[in-house]
Structures are given as C-alpha cells and as structure tokens.
Amino acid sequence: MGQTIAEKILSNSAGRVVTAGDFVEAAIDVAMIHDITGPLAVKTLYEITDRVWDRTKVIMLFDHQVPADSVDAAINHLELRKFAKREGILNYDVQEGVCHQVMVEKGHVLPGELVIGADSHTCTYGAVGAFATGVGSTDMGVALASGKLWFKVPDTIAFNVDGKLARRVYAKDIILTIIGDVGINGATYKACEFGGETVEHMDIANRMTLCNMAVEMGGKTGIVAPDEATAVFLEERSVDGDFTLGSDEDATKVTRRYTASEMVPVVAKPHQVDNVVPVTDVEGYHIDQVFIGSCTNGRYEDLKAAAELLEGETVARGVRMIVVPASRTEYRRALKTGLIDIFTDSGALVEAPCCGPCMGGSFGILGPGEVGLSTSNRNFVGRQGSPWASVYLCSPATAAASAIDGVIADPRTH
Amino acid sequence: MTRSKAHITGRVWKFGDNVDTDAIIPGKYLVLNSSQDLAKHAFENVRPNFASQVIKGDIVVAGENFGCGSSREHAPLALKDNVGIVIARSFARIFFRNAIDIGLPVVECDTTEIEDGDILHVDLEKGKIYNETQKKEYTISPFPAFIRNIIEAGGLVPYIKNRAQLKSREARELETD
C-alpha cells in the first residue's frame, strides 16, 4: 500500500512505517516560537527541564506586537530575549517580519521535515514540502524540552486544481473558494495536499497563500509536493533538500477537483472564513479600512498585484489603507522596485513588517460599526478590534481596487 | 458546584457551532499569561456577562468545531479556572490538544438537546452525562487510550514527568539487579 506525503514524513520522523490514524511520537526538525505564544512555551519548558533539547533547531522572532505596543508586550519581549540569550538560540527579534514568511524565506524549512510552530498558520511551510503544523504553548514547551511530540497521523484530502486562472484571479481566490466549498471544519485534522497543474505552475509565494489557509478549514497541515520550483527557491537560499517527495499513486486519500479557469474573485463575508461569495455579490458595499499584508498575502507578489491597480490612482476619500509587507526582505524588494512609492503616492500608510491589523491586538484596530477589507486569513467577530466591526477577506488585487473605488470592487473592472 | 476528576456537576452556558478562539479570548489580551487574568475576559465579545457571572464548575456546551482558529493556548487557559468541563459535538484540533495538555476536561457528545441553564452531571468513568433539568441521559464518545492516559495524568506535563520518573525507576532497578 502506498503512502501520502504526510504519512511518509511522519514515518520518517517516528522511525517506523505509519499510516493515517496511528499515534506516533515523532522527532521535530525545527521549532518556531513568537512573542505572544512564546512566554507560555518557555514556562512549560522550564517546568520539565532546564535546557532546550537542541539550540540549533529552535528559532524565535517577534511579529505580533512589534515594536512593543504596550508595557505588557515589552515585558514579554524582554523575557524572551533573556531566554534566547540563555539558550543560545537564533532570535530575529523585531527586525525580520512575520514568522511564517521569515521561516520560509530564510531557508529554515526543508522538504520532508517535520516542523512545528506555536502559531496556527505554521501550516504555511507546506509550500516547500514540509509537514508543518501549529501547536499550543504546552505542546511547544514539551517539544522544546524533548525534541519530540505526539501526533495522530492525519488522513489526506487532495485538492486538485487544474487550468489557468483568469485575469485578476489569484491563489487567495482559489483557497477561499475551496474553504467556501468544504466549510470551516471541512478538513478537520486532515493533511490538505494541494496539487494539479495550476499549483504546479505556481511560485512558492502563491503556494504559501494556499497552504497558509489550510487551518481555516480545520486542516492539520497544508502541503504541496516539492518540485523544480521548490528546488530553485531553496537553491537561492543555499539549502538543499529532497525534491522527489510525493504521495504514491495508490496512497489512500480523498480527492476533490477544481477548475481554475472557472474561478472568479471572491470575498469571505463576516464573520466566518467559509462565508465565501463572488465579489460581484458585494460590489459597492461600504468600507472604512483596507489592509494588505499578513502571512497570507504580504509577500512581494501580493504587493505587486495590488500596486498594478494602484499605480497613478489614489485611495478614495474616507477610506484608510494600510500596507504591511510580510518581511524586511519583501519590504526591500518592494522599495527597490518602486512599489512602496506607488502605495505612498496613492495615500496608503506603509508600516514596518509585522502581523499588523490581522490579529487585532496591536494597531489598525477597527472601531464599532466599521468595516474592514483585509487580505489576511480570519474575519471572526472582534478579530480586528471591536466586536461590532465587520471584516471581509479578499485578494490583494480586490483590496486595491476597493481602496480606489472607496467601496468593495471587482478588480477585473480595473 | 463540584469538580472532581471523574464527576463534574454544573450549570450550562450554551454556545453554537464554530466558536473560535478569538471569541473565547480576544487577541488584545494575549499579552496576559495567567489563567486568572485571562479568565476576566473569557467570551468578552460574544457573551459579555460570562466572566462576571460564571460560577466555578459551570459547564460550557457547544456545537460543532469548538475552538477553531488561532492556536492560542490562552483560550483553554481562560476557561480552566472556572469551567468544570467543555462538552461539544466536536472540537477543532489545536484547541482540543491544548485543553487536554493543560488539564481542562473536554468531551465530545451530541449536545443538540442541552439548553442554556440546564444542570448537568458528567460521569467520566461511566462515560455518561445526566441532564438533571431535562431528566435525560447522553453518552460521551470515548477517546483513544493514548489520549485518556494524558487526561488521567492531569495534562501533558505531568504525563511526561510521570513517564520520565517511571523510566528512571526502571533504569535504577536494572542497575541494582
């Protein structure tokens, strides 16, 4: 019987052949912690032992409340800096940007690795063929102490997308369409394997957008089989890996098929990520704030798609637009290629790389009754501020078109 | 209201499907790291009277996919001090792990008939829930043995510590043999 990618990686990490449904204790290749889930993980670690299991395998960075926006946040940062120094682990501190972007762009994640992060969107790293999953702080603390963690080997759903996307339709529209189709718990505890010719032709940035939102349908991980694009991406980062990894033909999985050419720009309406409709259903709806950024859509490719529409245009009166590149690297790329000029010329605010308004705990907070349009991943009640605010999720192009028009707009009309 | 390992009796706070972790504890409170501080803001946006009116041992009952979204362990931690047990038709996977890890009891059961304010008695040994208000009985879906072991230890840290002690005792016994 053949194996899925998830089964192969977990078999390798557990040191025995395992299949979906098995419970395993598996060796962790890389562990990531950040400023808001890190403190509890460190507390757990020191309840168990007095050292991290392997200082070379732990990476820390601050991105949720950056630079520190309250005394409480500053204290968390201080404690974590002390921890990183004591343990000798790599600490990117506030400098590099959103954890998931940084982990992949710095080459910390390789195909076939088992990676955990104390953040639900850790599933993003599947874009380079790793089994990556978000865990809570106690799980992370145990992993920091022992280098191991228990897993239930997940079943796999293969999402096969074939065909060519139409103009102004993007990976974000694909993943929102899929989530709208299967529902907010449609992939609970499943490995979500994205494939098909559309995905094969995608760059790593867009694959990251797909894998990032696997958790929004309950997925344990999102994953794309590594290929030539993965090899080129990682070679640019001077790291090597196994690019032959893939699910066997006869592996047990459920396959769902989608046709890219039939897809249109979509939005997820308040207050649930699977509340997905074509953008044409909500055209002309009032908006107060547009946010482009996050681990879902804050990469250079996303900023470029938005800038294409914003070039020579201005953000409509009465609308605030906030652009937050996902990392320092992506920020610099956008600077050098003139994208930041386009944004600032149009009247958008460009902020330094961090999670920004996505988690509603720092800046860019929505007030009561306000409506936000966001390229991030969640639109739950109170997610971006007031419980009486509403958030619509969309692609960077839809966000840019809407910022120009001052209401929710179809990017294909621009 | 009582809370022992196997028997929990309490009043129901009923929630719907897909209660996300932002609803359980909003992002702005993630700077707080203690269960006491977090408990003051539990369900603040969706059930503003919860934190002030919850009585120790009360029971949270929900539909499908309880705890979806962010991996924040602050969510089960915000409930741990006051909530005797969370009963849902199903749980989102990270919340489920986090709750078991920190020793917050969670069980899966068909919750359709249970109403806000009902008094429940949960017998974890027998795997039964008695609805004392409605005079009804429900069966809890059993967890795999591996997860039951962690629950019985009181969470993942005590489970790991017990196991380490067991191993070192075995090692010592081998040496003395």
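Just so it is clear, the model here is predicted, and its values are computed rather than measured. Throughout, a chain's letter reflects where its sequence line sits, starting with A, and its residues are numbered from 1.
The two residues I48(A) and K161(B) have their closest heavy-atom pair at CA-CE, 4.3 Å. Residues S71(B) and S120(A) come closest through the heavy atom pair OG-N, 3.2 Å. Considering every non-hydrogen atom in both L30(B) and N76(A), the closest pair reads O-ND2, 4.5 Å. Nearest heavy atoms, G385(A) versus N45(B): O-ND2, 4.5 Å. Listed here is the closest heavy atom pair of T188(A) and N65(B): OG1-OD1, 4.1 Å.
Interatomic distance, CG of L32(B) versus CD1 of I36(A), reported as 11.0 Å (0.5 Å rounding). Taken from CG in D274(A) to CG in N18(B), the straight-line distance is 6.5 Å, to the nearest 0.5 Å. Between the CG atom in L149(A) and the CG atom in L156(B) there is a gap of 7.0 Å [rounded to 0.5 Å].
Looking only at distances, no side-chain donor or acceptor of K220(A) sits under 3.5 Å from a matching main-chain atom of R93(B). N98(B) places a side-chain N or O within 3.5 Å of a backbone atom of G136(A) that can act as its donor or acceptor partner.
H271(A) places none of its side-chain heavy atoms less than 4.5 Å from the side chain of D20(B). Between V31(B) and S70(A), some side-chain heavy-atom pair lies under the 4.5 Å cut-off. When side chains are defined from C-beta on, S70(B) counts as touching R378(A), because their heavy atoms get closer than 4.5 Å. Using a 4.5 Å heavy-atom cutoff, the side chains of I147(B) and F23(A) are in contact. A 4.5 Å side-chain heavy-atom check between W150(A) and R97(B) finds at least one atom pair inside the cut-off.
The contact between E25(A) and chain B is made entirely by side chain atoms (from C-beta outward), counting heavy-atom distances below 4.5 Å. Heavy-atom distances place no part of S362(A) under 4.5 Å from chain B, backbone and side chain included. Contacts between Q384(A) and chain B at a heavy-atom distance below 4.5 Å are absent for every atom of the residue. Proximity to chain B (any heavy atom under 4.5 Å) is shown, for W388(A), by neither the backbone nor the side chain. Proximity to chain A (any heavy atom under 4.5 Å) is shown, for F95(B), by neither the backbone nor the side chain. No part of P76(B) comes within reach of chain A, as not one of its non-hydrogen atoms sits under 4.5 angstrom from that chain. Of the two parts of A118(A), only the backbone, made up of N, CA, C and O, holds a non-hydrogen atom closer than 4.5 Å to a non-hydrogen atom of chain B. For chain B, the nearby parts of E47(A) are the backbone and the side chain; heavy atoms of each come within less than 4.5 Å.
Scored by the ring pair (Phe, Tyr, Trp, His ring centres under 6.0 Å) test, Y29(B) finds H41(B) as partners (sequence neighbours excluded). Remark: Y138(B) engages N131(B) in a side-chain hydrogen bond (donor to acceptor under 3.5 Å, both in side chains) (not counting sequence neighbours).
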**OP:** Given side chain to side chain contact (heavy atoms under 4.5 Å, CB included), test S146(A) with I160(B) step by step and report yes or no.
**Re:** CA-CA 10 Å; S146(A) 66; I160(B) 300 260; 5.6 Å; no

**OP:** Please step through salt bridge (Lys or Arg N to Asp or Glu O under 4.0 Å) for the pair E73(B) and K43(A), ending with a clear verdict.
**Re:** CA-CA 13 Å; E73(B) 199 162 298; K43(A) 186 167 158 260; over 6 Å; no

**OP:** Take L40(A) and H74(B), measure what side chain to side chain contact (heavy atoms under 4.5 Å, CB included) needs, and give me the verdict at the end.
**Re:** CA-CA 9 Å; L40(A) 285 171; H74(B) 308 68; 3.8 Å; yes

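The greatest number of non-hydrogen atom pairs below 4.5 Å with chain B, out of G361(A), G382(A), S386(A), S137(A), is found for S137(A). Chain B forms the most heavy-atom pairs under 4.5 Å with one residue out of T138(A), T122(A), T133(A), D35(A), and that residue is T138(A). Considering only heavy-atom pairs separated by less than 4.5 Å from chain B, the leading option among I365(A), T37(A), V381(A), V142(A) is V142(A). When the candidates A92(B), A75(B), G69(B) are compared by the number of heavy-atom contacts under 4.5 Å with chain A, G69(B) comes out ahead. Heavy-atom pairs under 4.5 Å with chain A were tallied for L77(B), D17(B), I94(B); the largest tally goes to I94(B).
The environment of K14(B) atom NZ is dense: over 12 non-hydrogen atoms of other residues, nucleotides or ligands sit within 6.0 angstrom.
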